[in-house]
Amino acid sequence: MIANAAERHIPFAATLVGRRELSPDTALFRVAPEPAALEQLSGFLPGQFVQLSVPGGGEVPISPADLPGEDGTLELCVRRVGQVTGLLHQAAAGQPLALRGPFGTGFPVREMTGHPALLLAGGLGIAPLRSLLLHLLRHRDQYGEITLMYGAREPGLMLFRDELVGLAAAHGLRLYLTVDFAREQAAGAYACAIGLLPDLLKGFRFDAGESYVAVCGPPPLYRCLVGELTGAGVAPERVLLSLERRMRCGIGRCCHCAIGTKLCCTDGPVFRLSEVADIPEAL
Amino acid sequence: MGSVVEVNPLSRVEGHGTLRVYLEGRHVERVELCLTESPRLFEALLLGRSFAEVPDIICRICSLCSTVHKVTALLAVEEALKLPVSRTTRLTRELILHGGQLQSHALHLYCLLLPDLLEVKGVADLARQAPELLKAGLALKQVGNQIQEELGGRLIHPVNITLGGVGRRASRDTLYRLRDGIESVLPICTDTVQLFRQGFPFPPLSAPHYLAVQTGESAFSGRALTLESLPGIPVAGYREAISEWPVEHSHAKSARVRGLVPTVGALARLNLAPPAGGPVGELFKEVGGAVTGQDLRGNALAQALELYQSALAARDLVEELLEYDPADTGSPPVLTPAAGSGSAACEAPRGVLIHGYSFDASGLCRAADVITPTSLNQLALEENLLALAHGMEGAEPAVLVAALERLVRCFDPCISCAVHLVQL
Amino acid sequence: MEISAYLANDNLPQFLDTLRAFGTLHGPTLSESGVSLFAPLTSLDRLDLGYRRTQIPPKKYLFPFRDTFLEYRDGRYRFPSGDSKRTVLFGVHACDLEALAYLDQVFLSEPEDPRYAERRANLLLVGISCTPDDYCFCSEPAGSARCDLFLTEQQTGYLVQAESSAGASMLKAAAKLLVSAPPAPPRTPAPCVIPAQDPERAYSRDPLWDEFARSCVGCGACSACCPTCYCFDVRESTGLTGGGSRLREWDNCLFQSHGAVAGGNFRPGRVDRLRYRFLHKYCGFSPLQGRSSCVGCGRCKEVCPVDIDLRELIGKTAPEPGGGR
Amino acid sequence: MKKPSLAIAGLTACSGCQLTLFNCEDELREILERFEVAYFPMGQSDPDPKRHYDVALVEGAVSTPGDLSALFHFRNASRLLIAFGTCALHGGIAAQKNRSTPRPALLREVYGDRAPQLESFPPAPFKNFVSVDAAITGCPPEKGDLLRLLGAVLAGTLPAFPSYPVCLECRSRENLCLLLERNQLCLGPVIQGGCNARCPATGIPCEGCRGPVEEANVAQELELLLTRGFSREEIERRMSRFTVEWDYGQRS
Ligand SMILES: Cc1cc2nc3c(=O)[nH]c(=O)nc-3n(C[C@H](O)[C@H](O)[C@H](O)COP(=O)(O)OP(=O)(O)OC[C@H]3O[C@@H](n4cnc5c(N)ncnc54)[C@H](O)[C@@H]3O)c2cc1C
Ligand code: SF4
Ligand code: SF4
Ligand code: SF4
């Protein structure tokens, strides 16, 4: 809980301490916030986001890709698309940054205990789901079967592949990787399927009645997956969608992120399908 | 074997130009000044446009002189349409023209010419080597700009001065601000005069034939021109007095007035109407010897004197405007198109500027003509360049062209303006 | 504490001068070009009590069009030093007071917006009764308690009523100019607004939607002039000497940039954006879901160059007032 | 840190954009201090046109082969090419008759028999020939926009300029709406804002000097002006003053 209202508006200082390129336009940034910010991050739930500032450029919402705070840093998986993300991609270790948060709803990890979890990630959607995955695996014994299906456009754009394969081996994570396009060989080298995520889901057997399903990916993905999932018998309350909208303030004021009459930044970004199914523009 | 020394682009002038010196051994054959700015075709752009649009379009001919182009166009169109203007409007125009003159002279003296005095390459060097002088010059320039922006609504290409009136009359608060600004730079004005007293040592040049607008009620505009001792050349008949023709190597034109090669600008104005009385008159008594009867090298000092003159005049105008006549808001009249022709002449910072237009019954422009100071100066400039080059024959080519470039700068040419029409 | 009193017309100028003790006095004035606006009452001659509505509502005092929200210097963001001065805003109509109360709910709710809160704490509001014109669409001119003091026009003066302790202090300071009056009748509730609408309506197939989408020139006047519109954009810029500032600027939901994200737009067509506008105005966004924010001031109708009036989408089958959610 | 090198140049133009740099009187010394001014003939002699520039601010439209080769030069030599001003961005004042009068006729009008010797084509914006990295619009540009751009470049980025029309700022300044209340030919609804509605603030309708706003509903503006009694001819004449390439059917 954030004690002081001003702290939700004024970013804390932070420093870029390391970066790792993941694909031609995406990198994993390791950021060390000042102690007061870490304190706030201690309450972080996977699926929540932070408002990251690159001074002089502006501020963007980013969902941490790990469980921030514990080792004094957080990992942000960021794609270069414009002004602020572009500046971040130019930055080297030592670059001063700033951040606020965490904000928004996260995945209901407590409510999910005892249940199987199915994580469906498309493209950059892996970022928040990696955070969720790390949480589930850390508390492995509290959850049922854990499955991650991750689709990328092509093998070179698959993020965290080696790491995910390692996690699967060590923790009994069921991992399915797929790419939209690839030559057979390339796919073979990557040990992944070729096809769209919804197709992969079609042939998949799981305990639909008991499972929680978390989805994050590009907008068209939700429409395809949601039908599959409800068709398979997953309760809409247990379909968890992490949605993205244009966001400016992150705390429910600037109103850019509205979905129907809900705000993505405060009512989301993680919504239950039951909350948004009736909103025409949501998915 | 002949050789050519070229300066391209001419630097620290407004617009694109090239200077070429044709040498035969060390003997100077020919000097060419090419104003290579791309053709702008303003007169052609104006044809078919409505009378109300003409001033807004033509002011874009040049940014440094946009205010005076706009006012001259307004005067010419108003004459064509027989539009009267109120006192507020007249005073506002007068004040904004002083603002334009302040900004233009300050820019020229401090940013473009001063590097010559201090023997550096330009404004970036000034910022390092003479920051205080540059700061003073910019303060002066800023006051001119403040006047232009407050009264014109926009710094360059003013909008608030319009046909028959002003969009909005300056408020009292604005006028107070302007007065404070002007007063704060008066000391810089007198310093500037001292700074630019320093001559510029080269062989003598021929004595110019000065041409200026015969001003009266207005410090800038008038209905007649004076050429040396020949007053009363009517502006309305300017085409009979001035012959203009395009030059081979240049996109600009050359001109003669009554067969003579004219010289226009600050120096011409001060020679034809030396300031008498008042603080400027006093100063002129002290330094005027370096200006009167001199060749173009006195132009910088003349501009410095005019800076002071303009600052003082602007302050007086602010006082006059403060004596508000509440009834005279300067609101422009409702305009109705009519056929007619009109011309007007103003003293731009660089000298005589003439606009002439004709409109048909639906108010559309059927003929447009602009004679700019730089066109009027073109021949004198070339003659001077040649004389200077001859006087320096035998000098190192680098020294020679440096001197020539410096002489070009003394004329303060405005190449954007110069490049455009002939519509005879 | 006397909370209501009577002020005779003759005493109004003196009364206003008394209010100056509480802060810089602002009120409705007419600009040189004939626009009605709230501005400092440097002289009482400027006061225009007969005004209908100002072009920009009083929100400008709390949430200016362009505002430096944060400054960046020496590795830290911070609020710029507070610039807010104590201000008495005189002559605000009930609809505008209602709108301010709405904005208070937006900006003073947790987490409170410190810039807004600082300005709000420094703003005293004196309301005044009004005469509606053709653009107004409130049910009837009403009083309002959403202020410090409210003046209700009577035949030869005003009934003055304190609505806060600050208002009571004002009354006390002006005691010499007032005569006692019987306690005013209880206030009618807030002026009528367009009742809250069912969000379903925003997605109706009414052809009017397309007609509006076709004709909206996207000028942005409606939201700028709306007393409860508060969408803002955020932009950051760096100065030449390092350091920078983060600006907030009013935004309009009908601009394409409002919903644009990398690779797409969640409200690609103007019709989608008009639906958004409808939702925000008449259905309310979380946490104000189920509240209409329209106070009936009539500004959007007056300023829209193409006469778009979203209320027409409601008119045909309007539910009973209060029949929303 | 190495100072970014700066080139400032002009093609077919009035030099107003370059003058705007000089008009930043309060900041000029700071600018000259923080950038290495590598090419700026208007302010500095002996420009060296061969080297590499971090930023090139180039004003003016492209209307001669010389303009074009200069443009290519600056594109090739610069990391960031900035279209500086409305002429560079939209063609500007010189292009206003591109659609209505053939170039040779315009040239003949002004240069008579010499016209055929002049190599000149219809003035066009940079984007017709090269890619630009950013633009500052305006005839003249706003000082603030120029300073924001230079500040952003120093910070390693480019500025985010607002994308709203003139009307938004105009209304927010509480100007009288000249279109609605005075029935004047104001282009505010379809013109890129950022000038703080300078002209309507003085009671003069917006002449469109900043070019079209991103999502101009041009067809509606046209309809609006037609119903207010302006002739199509007059409207098009006005709209083409700074931007000739309007799509009069565009609605978004
Ligand atoms: C809750 C949430 C979590 C996110 N998590 C991640 C993440 O983990 N990794 C990641 O790379 N990105 C994430 N994003 C998207 C990221 O915020 C945008 O890519 C970023 O804001 C673009 O900023 P910019 O300054 O680089 O682009 P700009 O220069 O501002 O614009 C470039 C493009 O991005 C669009 N854009 C502007 N703001 C947003 C926005 N808030 N969301 C999306 N697009 C926007 C613009 O409309 C434009 O099309 C997340 C977004 C949200 C809302
Ligand atoms: S005022 Fe009218 S035209 Fe302007 S944005 Fe609003 S709805 Fe569209
Ligand atoms: S005056 Fe022009 S710019 Fe201002 S609101 Fe009206 S139409 Fe828009
Ligand atoms: S109001 Fe229009 S013409 Fe005036 S400066 Fe702004 S964009 Fe240019």
Side-chain angles (χ1 to χ4, degrees), chain C residues 29-39 54-56 60 64-66 72 213-226 233-245 247 249-252 254-258 260 265 268-271 273 299 302-307, chain D residues 24 27 30-31 33-35 144-145 147-157 159-182 186 188-190 193 196 200-203 213-224 227-228 251-252:
Chain C
T29 64
L30 202 62
S31 79
E32 222 177 300
S33 55
V35 175
S36 186
L37 65 148
F38 288 112
T54 54
Q55 178 149 308
I56 296 295
K60 68 179 181 181
F65 173 67
R66 188 176 290 133
Y72 180 76
R214 198 184 123 81
S215 62
C216 169
V217 278
C219 68
C222 47
S223 72
C225 301
C226 174
D233 198 5
V234 178
R235 267 180 297 122
E236 188 149 332
S237 60
T238 332
L240 286 169
T241 53
S245 46
L247 290 180
E249 208 166 54
W250 294 353
D251 204 346
N252 178 300
L254 297 173
F255 297 159
Q256 170 272 334
S257 59
H258 196 271
N265 194 320
R270 206 170 258 126
V271 69
R273 308 199 285 267
R299 285 187 180 88
E302 189 177 354
V303 299
C304 180
V306 292
D307 301 322
Chain D
C24 300
E27 300 85 4
E30 195 69 49
I31 296 170
E33 201 48 48
R34 299 211 170 237
F35 287 88
D145 286 354
L147 294 171
R148 260 191 294 285
L149 180 113
L150 293 174
V153 166
L154 287 173
T157 182
F161 291 123
S163 58
Y164 46 66
V166 172
C167 292
L168 184 70
E169 281 174 317
C170 188
R171 288 298 191 171
S172 81
R173 280 188 80 167
E174 303 188 78
N175 294 334
L176 183 75
C177 178
L178 302 165
L179 179 65
L180 297 189
E181 312 293 338
R182 289 274 182 277
C186 188
V190 290
N196 214 2
T202 72
V213 71
E214 198 182 345
E215 49 166 338
N217 191 342
V218 187
Q220 188 60 42
E221 169 80 358
L222 191 64
E223 229 169 82
L224 190 57
T227 51
R228 290 185 165 261
R251 279 215 176 256
S252 68

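Since we're looking at a predicted model, the values are computed, not measured. Note: hydrogens, waters and symmetry copies are ignored here, and every other heavy atom, side chains too, is used. Order of the sequence lines fixes the chain letters, A, B, ..., with proteins taken first and strands second; residue numbering starts at 1 for each chain.
Interface remark: C:S215 contributes backbone and side-chain atoms alike to the contact with chain D (heavy atom separation under 4.5 Å). For a residue to count as touching a neighbouring chain, one of its non-hydrogen atoms must lie under 4.5 Å from one of that chain's; by this rule C:L247 does not touch chain D. Contacts between D:S163 and chain C at a heavy-atom distance below 4.5 Å involve the side chain alone, from C-beta outward. Within the 4.5 angstrom heavy-atom criterion, atoms from both the backbone and the side chain of D:L176 approach chain C. Only the side chain of C:R273 comes within contact range of chain D, with heavy atoms under 4.5 Å apart. Heavy atoms closer than 4.5 Å to chain D are found in the side chain of C:F65, but not in its backbone. Contact annotation for C:S36: only backbone heavy atoms (N, CA, C, O) come within less than 4.5 Å of a heavy atom of chain D. For C:E249, the part lying near chain D is the side chain, with the backbone staying farther off; criterion is any non-hydrogen pair under 4.5 Å.
Of all the heavy atoms in C:V306 and D:Q220, the pair that sits closest is CG1-NE2, 3.5 Å. Heavy-atom minimum distance, D:L224 versus C:P305: CD1-O, 3.3 Å. Closest heavy-atom contact between D:R171 and D:C177: NH2-CB, 3.5 Å.
Here the OG-CZ distance, from C:S245 to C:R235, works out to 10.5 Å after rounding to the nearest 0.5 Å. The CG atom of C:L30 lies 11.5 Å from the OG1 atom of C:T54; values are rounded to the nearest 0.5 Å. One finds the CG atom of C:D251 at 9.5 Å from the OH atom of D:Y164 (value rounded to the nearest 0.5 Å). Here the CG-CD1 distance, from D:L147 to D:I31, works out to 5.5 Å after rounding to the nearest 0.5 Å.
Most heavy-atom pairs under 4.5 Å with chain C: of the set D:E27, D:E169, D:E221, D:E181, this distinction falls to D:E169. Your options are D:E214, D:R148, D:R34, D:R173, and the one with the most heavy-atom pairs under 4.5 Å with chain C is D:R34. Heavy-atom pairs under 4.5 Å with chain D were tallied for C:R270, C:Q256, C:R214; the largest tally goes to C:R214. Considering only heavy-atom pairs separated by less than 4.5 Å from chain D, the leading option among C:C219, C:S237, C:G220 is C:C219. Between chain C and the residues D:A155, D:P159, D:A160, the largest count of heavy-atom pairs under 4.5 Å involves D:A160. Annotation: maximal heavy-atom pairing with chain C below 4.5 Å, among D:N175, D:V213, D:L150, occurs at D:N175. Note: C:I56 leads C:I56, C:L37, C:T238, C:N252 in heavy-atom pairs under 4.5 Å with chain D.
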- prompt: Passes side-chain contact (heavy atoms from CB on, under 4.5 Å), C:C222 versus C:L254? Steps please.
  reply: CA-CA 9 Å; C:C222 47; C:L254 297 173; 4.0 Å; yes
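By the 4.5 Å heavy-atom criterion applied to side chains, C:H258 and C:D233 are not counted as neighbours.
Salt-bridge annotation for D:E223 and D:R251: present, with a side-chain N of the basic residue lying under 4.0 Å from a carboxylate O of the acidic one.
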